[in-house]
Amino acid sequence: MAKRYFSSSDEEDLATDSKHAPLKSKTKRKPTGHWSQGLLKSMENPDTVVKSDEKCVMINDMYPKARHHYLILPRENISGISSLGKQNLELLHHLLKFGQDYVKTEHSNDDTLIPDYPQFKYGYHAIPSMNRLHMHVISCDFDSPSLKNKKHWNSFTTDFFIDAARLIKMVEEKGRVVIDKEYYESLLKKNLSCHVCRREQRNMPTLKSHIRTHFKK
DNA sequence: GTTCTAGAAC
DNA sequence: GTTCTAGAAC
């Protein structure tokens, strides 16, 4: 059963509204109801939470882009990577270690799917869609029905995905994370390229079947 | 972030 | 005719 960011009643309300109100009176949603605020609800949803401690909460990504895909969010309200400063360095280290420890205990016995390639990666999207700082913990198979388009692909397989260790280094050296929006947006539009052998692929279905050729049978 | 779908690409 | 992508969503 899929976990949802919004209660179905939210959507029914809107549907009812458009049916019975021809003038389409703008139903002003509370900010918390907007899709971009969904992670906060997921953090509070026991069905979605995988593990937590006093500083952070780990949840299952609702639309996993690989066989294993988690998000780790600090309990502290930090809107995103652009809000980070040196005062958050200890937290950033904690989030990374939290994810690595989880993978070590829960996935160390997993069969190696792609030989000579990292099994998991840890990091942040340069331009995230969802509010509240969240670190991705994702297995590198990228074998998932929810991975559907070029943006999905490039957001995990290009430098748009900022490795957690690299992000920490940026904060250590510059005191914050500077995002060149145009540059990172351009990465999302790059041609599809296999993350393992870097060969370009014609389209998504081709790519998705190609990456399977790297899997250990 | 997703869903939906028009029209491009094949 | 079918597959696939990409942009709107009030």
Side-chain angles (χ1 to χ4, degrees), chain A residues 1-45 47-50 57-74 77-83 121 123-139 142-158 160-162 179 181-182 184-194 199-212:
Chain A
M1 177 59 190
K3 295 129 194 167
R4 308 173 61 96
Y5 289 123
F6 305 113
S7 68
S8 58
S9 63
D10 280 354
E11 290 167 2
E12 281 158 16
D13 286 350
L14 284 183
T16 305
D17 230 69
S18 58
K19 220 182 262 179
H20 298 301
L23 292 177
K24 282 185 184 171
S25 61
K26 283 175 192 168
T27 48
K28 281 171 193 161
R29 287 181 156 198
K30 279 174 263 173
T32 52
H34 191 261
W35 57 263
S36 63
Q37 308 299 322
L39 293 180
L40 190 59
K41 283 189 179 177
S42 292
M43 283 175 79
E44 295 162 353
N45 180 355
D47 294 336
T48 313
V49 173
V50 176
V57 179
M58 181 179 193
I59 64 175
N60 278 309
D61 192 295
M62 196 174 320
Y63 299 93
K65 304 302 186 293
R67 292 185 185 182
H68 309 288
H69 187 183
Y70 312 99
L71 304 177
I72 302 180
L73 303 97
N77 183 359
I78 301 172
S79 64
I81 55 174
S82 299
S83 311
K121 56 200 277 184
Y124 301 80
H125 281 158
I127 307 171
S129 297
M130 305 295 279
N131 256 337
R132 290 196 71 121
L133 184 72
H134 55 282
M135 186 187 75
H136 292 268
V137 176
I138 187 165
S139 59
F142 302 117
D143 179 32
S144 164
S146 294
L147 197 157
K148 295 178 175 175
N149 58 46
K150 180 182 274 190
K151 184 177 177 180
H152 291 156
W153 181 257
N154 284 336
S155 73
F156 287 100
T157 62
T158 70
F160 188 92
F161 189 90
I162 302 177
I179 295 298
K181 207 173 164 225
E182 269 192 33
Y184 284 109
E185 278 174 352
S186 74
L187 294 180
L188 294 177
K189 297 183 175 173
K190 284 176 67 168
N191 291 341
L192 298 171
S193 160
C194 170
R199 282 194 192 90
E200 282 200 6
Q201 304 299 318
R202 173 178 297 278
N203 56 33
M204 285 305 295
T206 309
L207 172 67
K208 285 170 79 88
S209 57
H210 169 84
I211 57 180
R212 290 202 172 82

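Hydrogens, waters and symmetry mates play no part in the numbers below; they use all other heavy atoms, side chains included. Each chain gets a letter, A, B and so on, in the order the sequences are listed, and its residues count up from 1.
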Problem - Main-chain N/O of A/Y63 paired to A/D61 side chain as donor or acceptor, under 3.5 Å - result: yes

Handout entry: Partner residues of A/R212 under the side chain to side chain contact (heavy atoms under 4.5 Å, CB included) criterion, sequence neighbours left out
Key = A/D143, A/F215

Problem - Helical stems, DNA chain C - three or more consecutive Watson-Crick or G-U wobble pairs below 3.5 Å - result: B:2-10 with C:1-9

In residues 146-153 of chain A, what donor-acceptor pairs under 3.5 Å come from side-chain atoms, sequence neighbours left out?
{"unit_1": "A/N149", "atom_1": "OD1", "unit_2": "A/K151", "atom_2": "N", "d": "3.1"}
{"unit_1": "A/N149", "atom_1": "OD1", "unit_2": "A/H152", "atom_2": "N", "d": "2.9"}
{"unit_1": "A/N149", "atom_1": "OD1", "unit_2": "A/H152", "atom_2": "ND1", "d": "3.4"}
{"unit_1": "A/H152", "atom_1": "ND1", "unit_2": "A/K148", "atom_2": "N", "d": "2.9"}
{"unit_1": "A/H152", "atom_1": "ND1", "unit_2": "A/N149", "atom_2": "N", "d": "3.3"}
{"unit_1": "A/W153", "atom_1": "NE1", "unit_2": "A/T157", "atom_2": "OG1", "d": "3.2"}
{"unit_1": "A/W153", "atom_1": "NE1", "unit_2": "A/S193", "atom_2": "O", "d": "2.9"}

Exercise for the section: Only counting residues at least two apart or in another chain, list the ones meeting salt bridge (charged side-chain N to carboxylate O under 4.0 Å, His left out) with A/K189. Expected result: none

Exercise for the section: Report the residues that fulfil salt bridge (charged side-chain N to carboxylate O under 4.0 Å, His left out) with A/E185, sequence neighbours left out, ordered by chain and then residue number. Expected result: A/K181

Handout entry: Qualifying residues under ring-ring contact (aromatic ring centres under 6.0 Å, His included), relative to A/F156, sequence neighbours excluded
Key = A/H69, A/H125, A/H136, A/F161

Exercise for the section: Under 4.0 Å between any heavy atoms, over every strand shown, what does A/P128 touch: base, sugar-phosphate, or nothing? Just pick one. Expected result: nothing

Problem - Pairing residues for A/E200 by the side chain to side chain donor-acceptor pair (under 3.5 Å) criterion, not counting sequence neighbours - result: A/N191

Handout entry: By side chain to side chain donor-acceptor pair (under 3.5 Å) - contacts of A/T206 (at least two apart)
Key = A/N203

Practice task
Assign a letter to each nucleotide of nucleotides 2-10 of chain B from its 5' end: B, base within under 4.0 Å of a protein heavy atom; S, sugar-phosphate only; -, no contact.
Solution key: SS------S

